[in-house]
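Step one of this worksheet: look at the structure below.
Per chain, numbering begins at 1; letters A, B, ... match sequence-line order.
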Number of protein chains: 4
Amino acid sequence: MTRGRPERKQRANGVESRRRILDAAVEIAGERGYEGTSIAAVSAKCGLPASSIYWHFKDKDDLIAAVIERSFETWLAAVRLPGEDEGTPLERVTLMAANVARSLVEAPDFLRLGLMLALEHRPVQPSGRTVFLHAREIAHQRVADVVRTFFPTLDETAVRTVTTYAVAGSDGLFVQREIGGESVDLVALLELHARTVYGLAEGMSGGGEGGA
Amino acid sequence: MTRGRPERKQRANGVESRRRILDAAVEIAGERGYEGTSIAAVSAKCGLPASSIYWHFKDKDDLIAAVIERSFETWLAAVRLPGEDEGTPLERVTLMAANVARSLVEAPDFLRLGLMLALEHRPVQPSGRTVFLHAREIAHQRVADVVRTFFPTLDETAVRTVTTYAVAGSDGLFVQREIGGESVDLVALLELHARTVYGLAEGMSGGGEGGA
Amino acid sequence: MTRGRPERKQRANGVESRRRILDAAVEIAGERGYEGTSIAAVSAKCGLPASSIYWHFKDKDDLIAAVIERSFETWLAAVRLPGEDEGTPLERVTLMAANVARSLVEAPDFLRLGLMLALEHRPVQPSGRTVFLHAREIAHQRVADVVRTFFPTLDETAVRTVTTYAVAGSDGLFVQREIGGESVDLVALLELHARTVYGLAEGMSGGGEGGA
Amino acid sequence: MTRGRPERKQRANGVESRRRILDAAVEIAGERGYEGTSIAAVSAKCGLPASSIYWHFKDKDDLIAAVIERSFETWLAAVRLPGEDEGTPLERVTLMAANVARSLVEAPDFLRLGLMLALEHRPVQPSGRTVFLHAREIAHQRVADVVRTFFPTLDETAVRTVTTYAVAGSDGLFVQREIGGESVDLVALLELHARTVYGLAEGMSGGGEGGA
DNA sequence: TATGAATGAGACTTCATTCAT
DNA sequence: AATGAATGAAGTCTCATTCAT
């Protein structure tokens, strides 16, 4: 019973506690989804009692929403967009795709949890879902900007179609990777996807037969 | 107890009860996922007491697995593959995509619930997940067969890549539709996807530089 | 550890269990009020686990409402109204008052809990309060009938005033008894009240100066 | 820390904070009773953190006791007893009753909360109950004094009976008003009560057959 | 004179499941 | 082929209170 360290972390530190709670929650929620994330489990993993979690977050819904928000920011920071002027357009797009792929492999919790929430259709939606959809909208806009940059002649309908297709493919390949594990080379697949989308946009840009 | 007119439906009918339970469960599980599906909720929706559900299914895990299985069959039945010899290859592939799209709009529960299960990573996975992955494997094989039929010169690695890419894109577009609702034209997007994949396979088939 | 009686009352008996729960709840709620009545305490007192209470009652609110309802019936049964034709009118009224007093001493839970609920003004009222007010309305009507019987010339406004005054005095004297305990002779006080109200009604009946 | 303009109210003011806490507490306790009054709710209503409440009051019990005490004083201040020598004795008594009625309509919290506490019978009684009973004893004495003044020939037993009856009737009519809301004319009813009690005392004073 | 943060206990309620009938 | 009743475990959340600052 000789307690090496006194361990009576009496020093109240809200910021640090909040971080610990989010760290624990992002891990559990990323694995088990909304319902599967119990406050007791988060409490056990972060070392703070359940009642302390309620000091920092109004309720479970609020906690999950904060998890989504923070993990989106983490993920955004992990996507390092390359400098503006390296290589051909196609090479640059491919590089972006590889960066996205790496960020999704490194910090997959955001998208995994987000997709779980997005697929649910509860009568009363968790607010984390709203936060996710909002984050997703931001990502969508960024992709759209890239599309517009590389294919300035595309009309807005075509931009939207290409962007939607690009994002959806990315989602699908991420799911594939989540199911297949490390045997799925997400970097290679997203690079392939980038080239494909590039070709698609090129086709819509040159010949007027856009669509969908 | 022999009542005058027999068979007035009150007298138990196992098959019918089982169907009612599955009908209720597929709806709830498709909305709320595995953890979100409580036996009590299924009981309330189907009108049978909870204990009756346990007469038909070993436990909740078994019920969800059965839900996945049956909704896969429902979905399979909804995919009406077109006759073999109408139109050009590209037209035929596009037609298939449209059919898949329609089936996913009509019977989305299978894929929605399945993806939710697939994205989870719990210590002990629900057997419904296994059932889903198995069904998915079947679908994957069917797509692979189509790819081989249309592009007999593709090597197996390329077939796998194209198939994976085709399925992943389909998943991603399905997610898009689940998020965006009716404003997303899944038929058009999957037709576009079909043409894109067709072009991709063609490219890998003709020039030898396949990949991933 | 030698368990004398097997005590595994496996024999499911809903009616009996429900009664045991209500018996426990009426006692606790009569002493401690709505908020003071915890499901855990009821569970401990009746021997059934908390979850079993929820088989018989939707929630705590439902339980308390049932408690009020049953204890009202118990109390009503305890008020033995005297035969129609014994003694003078004043004697008969006094006898009624004594009977009411005895019933309130014997089964005070109904009125004690009811008054506690009635005095509360929560944003969302417990449904037990509604049940109590309804029961009280019934009691009010009975008293009004007695008033009308003995003073047929009273107009309805006067009947209402006399009845209200009679019931209010009864409530107040009951409170007095609850505070003062056995040192308060409720029977004597209610008999006095009966005579007083009788005189009041007589006065309003003869001279036309009713009021309030 | 010496700010330019001092005393801009931000700088703590114990008396004012204490008042705000009591203001919030009297409202909540008057609505919900002892158990229904949570420190968190008081904190939310008064805008001070829960820990500040514990700076001003030892514990919840202490807070409620202070609430009772202050609201009793508020109520006492609201009872404006009339000058000694206006009108006939009956008129003066009636005027007193009207004043009491008005004070109970204006400041009902004291009596409402007090009666809730008085009706409870917990193993360990809140000290607010004691405070209430003490305040009530004071009120009782005042009424007894009035009775003695107007009916000097009454013996002490009769004085006690009349006083008890007077107070009980007042309580009962107050409850009636709390239940019935503004549709109950408390002033009229208490005036009626005053006349009735006056008559009762007169009867006991003249003929020697007092009672109870 | 306050207060941000923490905390163990306990609140109500639902959970999946069982069992005798 | 079913079901009424029961139940221990676990769920989310609130409680009154403390303590270092």
What residues, two or more places apart in sequence or in another chain, satisfy salt bridge (charged side-chain N to carboxylate O under 4.0 Å, His left out) together with [X]?
X       : answer
D:Arg70 : D:Asp23
C:Glu16 : C:Arg19
B:Glu31 : none
D:Arg32 : none

Less than 4.0 angstrom between a side-chain N/O of D:Ser17 and OP1 or OP2 of E:dA2, yes or no?
yes

Answer yes or no: does a side-chain N or O of A:His56 lie under 4.0 Å from OP1 or OP2 of E:dA5?
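It does not, given that no N or O in the side chain of A:His56 lies less than 4.0 Å from OP1 or OP2 of E:dA5.
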
Let me know which of C:Tyr34, C:Phe110, C:Phe72 forms a ring pair (Phe, Tyr, Trp, His ring centres under 6.0 Å) with C:Phe132.
C:Phe110

Atom [atom1] of [X] to atom [atom2] of [N]: distance rounded to whole Å?
X       : N      : atom1 : atom2 : value
B:Ile53 : F:dG4  : CD1   : P     : 13 Å
A:Asn13 : E:dT3  : CG    : P     : 20 Å
C:Ile28 : E:dA11 : CD1   : P     : 11 Å
B:Trp55 : F:dA2  : CH2   : P     : 6 Å
C:Ile21 : F:dA5  : CD1   : P     : 11 Å

From F:dT3, F:dG8, E:dA6, pick the nucleotide closest to the side chain of B:Ser52?
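Of the candidates, F:dT3 comes closest.
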
What string of B, S and - do you get for nucleotides 11-16 of chain F, 5' to 3', when a contact is any protein heavy atom under 4.0 Å?
SSBBSS

Strand DNA chain F in bracket notation, Watson-Crick/G-U under 3.5 Å with | for pairs to another chain:
.||||||||||||||||||||

Partner set under side-chain contact (heavy atoms from CB on, under 4.5 Å) for C:Ser127, not counting sequence neighbours:
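In terms of side-chain contact (heavy atoms from CB on, under 4.5 Å), with neighbours along the sequence ignored, C:Ser127 is linked to C:Asp61, C:Ala65.
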
By side-chain contact (heavy atoms from CB on, under 4.5 Å) - contacts of D:Gln125 (at least two apart):
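D:Gln125 satisfies side-chain contact (heavy atoms from CB on, under 4.5 Å) with D:His121, D:Arg122, D:Arg129 only.
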
Rounded distance (nearest 0.5 Å) linking atom CD1 of A:Ile68 with atom CG of A:Leu63
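Rounded to the nearest 0.5 Å, the CD1-CG separation comes to 10.5 Å.
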
Listed once per pair and sorted, the salt bridge (Lys or Arg N to Asp or Glu O under 4.0 Å) pairs that draw on residues 38-56 of chain D, sequence neighbours left out:
D:Glu27-D:Lys45

